[in-house]
**Q** 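The structure follows.
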Amino acid sequence: MQRKFRLTRSEDFKRVRRSGRSYAHPLVVLVVDKNPQGNLRIGVAAGRSAGAAVRRNRAKRLLREAMRTLTPTIASHTDLILIARSGLASATLADTRSALLNLLQRAQLISPPHES
RNA sequence: CAGGUCGGUUGGGCGAUCGCGGUGGCGCGUUGUCGCCAUCGAGGAAAGUCCGCACUCCAUAGAGCACGGCGUCGGAUAGUCCCCGGGGCGGGGAAGCCUCCGUAAGGAGCGAACCUGCCGGACAAGGGCCACAGAAACAAACAGCCCCGCGCUUGCGCGGGGUAAUGGUGAAAAGGUGGUGUAAGAGACCACCGGCGUUUGCAGUAAUGCAGAGCGUCAGGUAACCCCCGCCGGGAGCAAGGCCAAGCAGGGACGAAGCCAUCUGCGGAUGGCGGGAGACGGCUCGUCUUCAUACGUAUCCAAUCACGCGGUGGUUGGGUCAGUCCCGGGUAGGCUGCAUCGAGCGGCGCGGCGACGCGCCGCCCAGAGAGAUGAUCGCACAUGCGGGGCAACCCGCAGGACAGAAUGCGGCUUAUAGACCGACCUGAGGC
RNA sequence: UGGGGAGUCGUCCAACGGCAGGACACAUCCCUCUGGAGGAUGGUAUCUUGGUUCGAAUCCAGGCUCCCCAG
């Protein structure tokens, strides 16, 4: 995921966390808000509760890798924040991807893949 | 060979595809949060932040006090209480050997390499504390032993004195054993052992050790309690610091004037001409950007008057109000510090027991800012499990620790699956 | 990057360097037709590793975990 499609500034994170809707899953939390520029941006976060530095990095890498394949199917004009929870660092890539798919469907950002 | 220790090296390899970050080069009807190519991309601890430096900013006449740290000797270093090598006093240390006890099983002692804790002063001075037990906890006499006097039931009571060997208590009671000595005793005296703010010789740079002489042997412990002595110490930290700088607020300069048309819900809105400020140009002018009809018994200041006097009100005078431009400081934010030119890394040689030092050759090696290393697959490899095989080995499944740079460096501490190499000690056997 | 604090029964708190205590909870018994309440009895702990000391929860050092503060 290239940096230009990433949420980077602190005020963006604050805005999305304050005014966006959140959807929870045991592995990850999704926060959705409208993007003022009209494109899709994604932020990834892992707090102290996600573990030590290796586990936090592992969780963020898993989220980025899982989102890489899902990004083209997501509706635009939104800012997303993915917050890792404590169990994510020991999860597999397939687990992460299905968790994200579940969350995106609940947020109605992606149509249910009835063909798969 | 068996057992016990210690040190060092390494920290999963090769390849393919997709993805991410930095740097360099090239490209462009699109100068971009762009595209293409090349190249580089975590560690031995990157961790904890326990020490010490570099670097940066602030403070700084001198001296003293307070506070904090350190305290054996020598060395190494840019520097360190922490590194290296010694010294002293403790603690730990397998099997076996050896010694002792035991008929034996076994037990106790000794115990190597090595590991590990501590290190000024309790006699240079002072204060505090030492529970319980015990007569007594730093100064003493409970029982006991002995002497003297008195009494009588002649081995006991009372009174006075001597003593600290014996008993019991305790972690600790003015060194231990044997003798001389004595009324009983006592370093009172003697021998040996132990000890020492004494001293001589030898070894060592020194701490210290060994040997001898001397001192009768000295009134406990605790300074990781206060304290005393000696030495050392300015503060902050890359979110340090430097540069640029929206917005808001501040200071300065300039600073206006309306008229017409259309619509109208009569509040106003839009447009034209004119006006203000600034920028640019070919500068008596043109173009562009932008602003306004706000002015009110608004608000601020000064003087003065009145009253019900820290206040309120009146009068007079002056300032402020739109906008533009300029100025300094500076917030958000950006750039830098900051990506090796260095206490740098690798190799070889030399010196040193070692920490480390010196010389030569080669190399240029991560750098983000919501924070780059991931995913999938294949081939071998170490390991574990199951099966087959006499065996080498084959097949299947599982599966590779601790852990992620954020200014850099040195030391320490802590976590760590394994793999490899080397050294030391003890014992047994062989030559 | 720097600074501060805490760790004691299952939980919340006490404790001069000298026998670790209290409340609630838990277990057993009594009381009751049963349960609750009440009463009696009991078990249970100093984060960890070393050191100083005759003696350590307390003093010192290293480690682990958690919390807080400043920029």
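The analysis underlying the following values was restricted to heavy atoms, covering all of them including side chains, and did not include hydrogens, waters or symmetry mates. Just so we're on the same page: letters track the sequence lines, and every chain starts at 1.
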**Q** With both distances kept under 3.5 Å, what pairs with C189(B), Watson-Crick or G-U wobble?
**A**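 The answer is G179(B), by the H-bond criterion.
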**Q** Could you work out the separation of C89(B) and A104(B) based on their C1' atoms and round it to a whole Å?
**A**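 Approximately 43 Å lies between the C1' atom of C89(B) and that of A104(B).
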**Q** With respect to the side chain of Leu93(A), which nucleotide from A370(B), A375(B), G374(B) is positioned closest?
**A**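 It is A375(B).
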**Q** Is there a donor-acceptor pair under 3.5 Å between the side chain of Arg85(A) and the backbone N or O of His25(A)?
**A** yes
**Q** Taking syn as any angle within 90 degrees of 0 and anti as the rest, which one fits A203(B)?
**A**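 That one's anti.
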**Q** Of the candidate nucleotides A370(B), G404(B), G374(B), which contains the atom at the shortest distance from the side chain of Ala53(A)?
**A**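 So the side chain of Ala53(A) is nearest to G404(B).
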**Q** Provide the Watson-Crick or G-U wobble partner of G313(B), both distances under 3.5 Å; none if there is no partner.
**A** C305(B)
**Q** Could you state the CE-C1' distance from Met67(A) to G374(B), rounded to the nearest angstrom?
**A** 16 Å
**Q** Please report the distance, rounded to the nearest Å, between CG in Asn57(A) and P in A47(B).
**A** 13 Å
**Q** If I compare all heavy atoms of Leu93(A) with all of Ala66(A), which pair ends up nearest, and what's the gap?
**A**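 Heavy-atom minimum between the residues: CD1-N, 4.0 Å.
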**Q** Which atoms form the tightest heavy-atom contact between Arg56(A) and Ala46(A), and what is the distance?
**A** CD-O, 3.5 Å
**Q** Specify the residue among Arg97(A) and Ala45(A) whose closest nucleotide of RNA chain B lies further upstream toward the 5′ end.
**A**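 The residue whose closest nucleotide sits nearer the 5' end is Ala45(A).
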**Q** Kindly compute the distance separating CZ (Arg64(A)) from CZ (Arg68(A)), expressed to the nearest 0.5 Å.
**A**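 Going from CZ on Arg64(A) over to CZ on Arg68(A), the span is 12.0 Å.
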**Q** Among Leu104(A), Val32(A), Val31(A), exactly one meets side-chain contact (heavy atoms from CB on, under 4.5 Å) together with Tyr23(A). Which residue is that?
**A** Val32(A)
**Q** Syn or anti for G161(B)? Use the chi torsion, O4'-C1'-N9-C4 for purines and O4'-C1'-N1-C2 for pyrimidines, with syn inside 90° of 0.
**A**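 Here the answer is anti: the torsion falls beyond 90° from 0.
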**Q** What form does the base of U264(B) take, syn (within 90° of 0) or anti?
**A**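 U264(B): anti.
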**Q** Answer yes or no: does a side-chain N or O of Arg55(A) lie under 4.0 Å from OP1 or OP2 of A403(B)?
**A**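 Answer no for this pair, as no side-chain N or O of Arg55(A) is under 4.0 Å from OP1 or OP2.
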**Q** What does G167(B) pair with, Watson-Crick or G-U, if both distances are under 3.5 Å?
**A** C142(B)
**Q** Rounded to the nearest Å, what distance is computed from the CZ atom of residue Arg61(A) to the C1' atom of nucleotide G19(B)?
**A** 13 Å
**Q** Taking atom P in both G411(B) and C395(B), what distance in whole Å separates the two?
**A**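 Comparing P positions in G411(B) and C395(B) gives a spacing of 48 Å.
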**Q** Quantified in whole Å, what is the C1' atom distance between nucleotide G408(B) and nucleotide G337(B)?
**A** 12 Å
**Q** Rounded to the nearest angstrom, tell me the gap between atom CD1 in Ile42(A) and atom C1' in U33(B).
**A**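 To the nearest whole Å, that distance equals 16 Å.
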**Q** For Arg58(A) and G374(B), what is the distance between atoms CZ and P respectively, to the nearest whole Å?
**A**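 Spelled out: CZ on Arg58(A) to P on G374(B) is 8 Å.
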**Q** Between Leu27(A), Leu82(A), Ile42(A), which is the residue that forms a side-chain contact (heavy atoms from CB on, under 4.5 Å) with Leu63(A)?
**A** Leu82(A)
**Q** How would you label the contact of Arg56(A) with the nucleic acid (heavy atoms, under 4.0 Å): base, sugar-phosphate, or nothing?
**A** nothing
**Q** For G374(B), does OP1 or OP2 lie under 4.0 Å from any side-chain N or O of Arg64(A)?
**A** no
**Q** Distance check, P atoms only: U383(B) and A419(B), in whole angstrom units.
**A** 8 Å
**Q** Tell me if G221(B) is syn or anti. Syn = glycosidic torsion within 90° of 0, anti otherwise.
**A** anti
**Q** My understanding is that only residues two or more places apart in sequence, or in another chain, count here; which of them pass salt bridge (Lys or Arg N to Asp or Glu O under 4.0 Å) with Asp95(A)?
**A**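 Here no residue qualifies.
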**Q** For residues Thr92(A) and Thr96(A), report the shortest heavy-atom separation together with the two atoms involved.
**A** O-OG1, 2.8 Å
**Q** Picking from A42(B), C18(B), U373(B), which would you name as closest to the side chain of Arg68(A)?
**A** C18(B)
**Q** Quickly work out the Lys60(A) NZ to U373(B) P distance and round it to whole Å.
**A**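 In whole Å, U373(B) P lies 11 Å from Lys60(A) NZ.
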**Q** Rounding to an integer number of angstrom, what distance separates C132(B) and A137(B) when you compare their C1' atoms?
**A** 13 Å
**Q** Could you identify the nucleotide paired to U5(B), looking across every strand shown and requiring Watson-Crick or G-U wobble geometry with both distances under 3.5 Å?
**A** A423(B)
**Q** For G330(B), measure the glycosidic angle (O4'-C1'-N9-C4 for a purine, O4'-C1'-N1-C2 for a pyrimidine) and name it syn if it falls within 90° of 0, otherwise anti.
**A**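 Classified anti.
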**Q** With rounding to the closest Å, how many angstrom separate the C1' atoms on G17(C) and C226(B)?
**A** 16 Å
**Q** Applying the Watson-Crick and G-U wobble criteria at under 3.5 Å, what pairs with A249(B)? Answer none if nothing qualifies.
**A** none
**Q** How far, in whole Å, is U53(C) from G79(B) if one measures between their P atoms?
**A** 36 Å
**Q** Determine which nucleotide pairs with C67(B), using a 3.5 Å limit on both distances of a Watson-Crick or G-U wobble pair.
**A**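 Partner of C67(B): G233(B).
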**Q** Does any nucleotide pair with C210(B) by Watson-Crick or G-U wobble geometry, both distances under 3.5 Å, and what is it?
**A**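 Base-paired to G201(B).
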**Q** Side chain of Ala52(A), heavy atoms from C-beta onward: which of A370(B), G374(B), G404(B) has the nearest atom to it?
**A**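 Of the candidates, G404(B) comes closest.
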**Q** Which whole-number value in Å describes the distance from Glu65(A) CD to A372(B) P?
**A** 14 Å
**Q** Taking only the P atom of each, what is the distance from C283(B) to G329(B) in whole angstrom?
**A** 38 Å
**Q** With a 3.5 Å limit on both atom pairs, tell me what A174(B) is paired to, counting Watson-Crick and G-U wobble, or say none.
**A** none
